[in-house]
Amino acid sequence: MIRVARAMIQTASSTSECYPTAAEALWQIIHGNAIALGWPDRDRLSPNERADVLVIKPQSLWLRGDVDPLTRLVFGWDDRWIERTLVAGKVVYAAG
């Protein structure tokens, strides 16, 4: 989804002066897809619900500067940041 968000922003910015922010792109991908699939309550984390989640550990310098964290996440993404993957609330991958 991160790469799709980045492609959405890059494509829109190359054809228009009005393009989505990283937060808007991610919201559209996550919320929009949940709505399209008829799962309006599946686009957020809730207590006692199973979820598919990536736990990431970005490089220590990734938050420096005045760019918002979601923009840095979308444009600086590195698969090596993935520390753990949970599917339906269960760990299916753990680094190390």
Side-chain angles (χ1 to χ4, degrees):
M1 290 192 306
I2 296 294
R3 289 185 182 100
V4 172
R6 182 173 50 228
M8 177 192 296
I9 295 165
Q10 290 172 329
T11 301
S13 67
S14 70
T15 61
S16 171
E17 291 182 19
C18 182
Y19 53 90
T21 64
E24 292 166 337
L26 287 169
W27 183 88
Q28 185 62 39
I29 292 165
I30 296 167
H31 182 72
N33 286 339
I35 295 297
L37 292 168
W39 302 338
D41 59 338
R42 298 293 180 205
D43 61 343
R44 62 189 62 85
L45 295 175
S46 300
N48 300 317
E49 293 288 333
R50 294 181 294 173
D52 299 345
V53 178
L54 288 180
V55 177
I56 64 170
K57 184 178 179 182
Q59 297 173 4
S60 61
L61 301 177
W62 88 291
L63 280 177
R64 292 204 178 153
D66 57 355
V67 177
D68 74 274
L70 284 179
T71 299
R72 287 210 184 258
L73 178 70
V74 168
F75 288 97
W77 179 260
D78 187 331
D79 288 342
R80 294 172 291 184
W81 293 352
I82 299 171
E83 290 286 312
R84 192 165 286 129
T85 302
L86 293 88
V87 175
K90 298 186 186 295
V91 175
V92 296
Y93 168 79

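Quick caveat, the model's predicted, so the values are computed rather than measured.
- The CG atom of D78 sits 12.0 Å away from the CD1 atom of I2 when rounded to the nearest 0.5 Å.
- Hydrophobic clustering, with ILVMFWY side chains joined whenever heavy atoms are under 4.5 angstrom apart, groups V74 together with L54.
- Distance check, rounded to the nearest 0.5 Å: CG of N33 to CD of Q28 gives 8.0 Å.
- Residues A95 and I82 approach most closely at CB-O, 3.9 Å, considering heavy atoms.
- Side-chain atoms of S16 never come within 3.5 Å of backbone atoms of A12 as a donor-acceptor pair (strictly under, hydrogens ignored).
- Annotation: L45, atom CG; neighbour count of heavy atoms from other residues, nucleotides and ligands within 6.0 Å does not exceed 12.
- Interatomic distance, OG1 of T85 versus CG of D52, reported as 10.0 Å (0.5 Å rounding).
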TODO: Output, in order, the C-alpha distance, side-chain angles, deciding distance and verdict of side-chain contact (heavy atoms from CB on, under 4.5 Å) for Q10 and F75.
DONE: CA-CA 10 Å; Q10 290 172 329; F75 288 97; 3.9 Å; yes
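- Around the CZ atom of R84, the shell of radius 6.0 Å holds no more than 12 heavy atoms that belong to other residues, nucleotides or ligands.
- No chain of hydrophobic side-chain contacts below 4.5 Å, direct or via other Ile, Leu, Val, Met, Phe, Trp or Tyr residues, connects W81 to L86.
- Grouping the Ile, Leu, Val, Met, Phe, Trp and Tyr side chains by contacts below 4.5 angstrom, directly or via other members, places L26 with W77.
- Annotation: side chain of T21 is not in contact with side chain of T71 (no heavy-atom distance under 4.5 Å).
- Under the 4.5 Å side-chain heavy-atom criterion for grouping Ile, Leu, Val, Met, Phe, Trp and Tyr, Y93 is connected to I56 within one hydrophobic cluster.
- Applying the ring pair (Phe, Tyr, Trp, His ring centres under 6.0 Å) definition to pairs two or more places apart or across chains, those involving residues 5-29 are W27-H31.
- L73 and M8 are assigned to two separate hydrophobic clusters, defined by single-linkage of ILVMFWY side chains at heavy-atom distances under 4.5 Å.
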